[in-house]
Amino acid sequence: MNLLIMGLPGAGKGTQAAKIVEEFGVAHISTGDMFRAAMANKTEMGVLAKSYIDKGELVPDEVTNGIVKERLAESDIAEKGFLLDGYPRTIEQAYALDETLKALGLKLDGVINIEVNPDSLVERLSGRIIHKETGETFHKVFNPPVGDYNEDDYYQREDDKPETVKRRLDVNIAQGAPIIEHYRKAGIVSDIQGNQEIDAVFADIEKAIAAMK
Ligand code: ADP
Ligand code: ADP
């Protein structure tokens, strides 16, 4: 099964992606995670990406399209299927993805569109914490780690600072609408109400995926 998950920053894409991957065994392809790994390793691409990410801007399409194409061409994808998370984020990326999938003989089965009230996103992003060892995402209030936890084991993302968050939301709201339209025309979008408990959102996603088969 080949899926795409969409939604504004903080909509819950990463949180739901982890659950989808666990249940359906698809490969998780998150451009944000790929950029953060490259930044941590200080690769040439990571240094370039950082100069955009720290300002809340998008990394240029040619860089982003390149890393996704490389990943989709790896041998596990045809077997397991994939879940793209955080890509495409511009209409040009959506067209590039169409071309890449065609060239690789792959097809999208569905687009999971998590809809949230933008007013709730700053609160979600400012409380987001990530476990240093596993990369698992939590929230200080809405989804705290189980039991007593040591704050030193978690980090907050540089780009989750309120000034950057506002810029990210503006950029993503402006770029997102034509992408969803593109997939609506293909009749493969499932809209999911994202302002619910994490497990309730996932239950709706499971239903949507079942209806795709
Ligand atoms: P979130 O969904 O919380 O905004 P991501 O982890 O998906 O976060 O992305 C973090 C940052 O990485 C984005 O703000 C952007 O700078 C960069 N990025 C991620 N995916 C893309 C993409 N498809 N195109 C361009 N830049 C991207
Ligand atoms: P995205 O990948 O779309 O940027 P995340 O999955 O990282 O979003 O979620 C952003 C923050 O909001 C995280 O701290 C996460 O724990 C929290 N969160 C995710 N889903 C929900 C939800 N349904 N209700 C409340 N908080 C949530």
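Counting starts at 1 for both ligands and their atoms, in listed order. Keep in mind that what you see is a predicted model, and the values were worked out from it rather than measured.
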If the cut-off is 4.0 Å to any non-hydrogen atom of Q93, which atoms of ligand 1 fall inside it?
22 (C), 23 (N), 24 (N), 25 (C)
Does E197 CD have over 12 foreign heavy atoms under 6.0 Å away?
no
Is it the case that ligand 2 has an N or O less than 3.5 angstrom from some N or O of G12?
yes
Got a salt bridge between D98 and K102, using NZ or NE/NH1/NH2 to carboxylate O under 4.0 Å?
no
Answer with yes or no whether G10 contacts ligand 2, where contact means a heavy atom under 4.0 Å from a ligand atom.
yes
Distance-only N or O hit between ligand 1 and R157, under 3.5 Å:
yes
Quick test of your reading of the model: are E22 and K19 salt-bridged, counting only N-O distances below 4.0 Å?
no
For the 3.5 Å polar cut-off, considering only N or O atoms, please tell me whether E57 and ligand 1 meet it.
yes
Between H139 and R124, is there a donor-acceptor pair closer than 3.5 Å when you use the side chain of the first and the backbone of the second?
yes
Would you mind finding which of R128, E136, E197, Q196 brings a heavy atom closest to atom 5 (P) of ligand 2?
R128
Nearest 0.5 angstrom please: E70 CD to I29 CD1, how far?
11.5 Å
Closest approach of any protein heavy atom to atom 19 (C) of ligand 2, naming residue and atom
T15 OG1, 3.5 Å
Best match, K13, R89, R124: closest heavy atom to atom 7 (O) of ligand 1
R89
Work out which heavy atom in R167 is nearest to a heavy atom in G56; give both atom names and the distance.
CG-O, 4.0 Å
Below 4.0 angstrom from a heavy atom of Y87, which ligand 1 atoms are there? Numbered from 1 as shown, please.
23 (N)
For ligand 2, which atoms sit closer than 4.0 Å to a heavy atom of T137?
7 (O), 13 (C)
Heavy-atom donor-acceptor pair, Q196 side chain to F202 backbone, under 3.5 Å:
no
If you have a sec, work out which protein heavy atom is nearest atom 20 (N) of ligand 2 and how many Å separate them, to one decimal?
I198 CG1, 3.6 Å
Nitrogen or oxygen atoms of L125 and ligand 1 under 3.5 Å apart
no
Quick check on contacts: which atoms of ligand 2 are under 4.0 angstrom from a heavy atom of G14?
1 (P), 2 (O), 6 (O)
Counting only heavy atoms not in E74, do more than 12 sit closer than 6.0 Å to its CD atom?
yes
From L3 CG over to I209 CD1, what is the distance, rounded to the nearest 0.5 angstrom?
5.0 Å
Should R36 be counted as touching ligand 1, given the test is an N or O pair under 3.5 Å?
yes
Return yes or no for this condition: an N or O of F138 is under 3.5 Å from an N or O of ligand 2.
yes
Considering the heavy atoms of F142, write down every atom of ligand 2 situated less than 4.0 Å from one of them.
25 (C), 26 (N)
Residue and atom name of the nearest protein heavy atom (relative to atom 17 (C) of ligand 1), distance in Å to one decimal:
I53 CG1, 3.8 Å
Give a yes/no verdict on a cation-pi contact between K50 and Y52, requiring under 6.0 Å between NZ or CZ and the six-membered ring centre and an angle within 45° of the axis.
no
Without swapping roles, check the side chain of N172 against the backbone of R168 for a donor-acceptor pair under 3.5 Å.
yes
Verdict with supporting geometry, T15 and N143, side chain to side chain donor-acceptor pair (under 3.5 Å):
CA-CA 10 Å; T15 300; N143 184 28; 5.4 Å; no
If the threshold is 4.0 Å, N to carboxylate O, is there a salt bridge linking E163 and K166?
no
In the protein, what heavy atom is nearest to atom 23 (N) of ligand 1, and what distance, to one decimal place, separates them?
G86 O, 2.9 Å
Give me the residue, atom name and distance of the protein heavy atom closest to atom 14 (O) of ligand 1.
R168 NE, 3.8 Å
Can you report which non-hydrogen protein atom sits closest to atom 26 (N) of ligand 1, along with the distance?
V59 N, 3.1 Å
Atom indices of ligand 1, in the order listed, that fall short of 4.0 Å to a heavy atom of T64
22 (C), 23 (N), 24 (N), 25 (C)
Measuring from the heavy atoms of F35, does anything fall under 4.0 Å of ligand 1?
yes
Do any heavy atoms of G194 fall under 4.0 Å from ligand 2?
yes
So, for Y149 and H131, is the gap between ring centers shorter than 6.0 Å?
no
Going by distance alone, is a donor N or O of one side chain under 3.5 Å from an acceptor N or O of the other, for N195 and S120?
yes
Could you tell me whether D159 approaches ligand 1 through its side chain, its backbone, both or neither, with non-hydrogen atoms closer than 4.0 Å?
side chain
State the atoms of ligand 2, each with its element, that fall below the 4.0 Å cut-off from a heavy-atom position in L8.
3 (O)
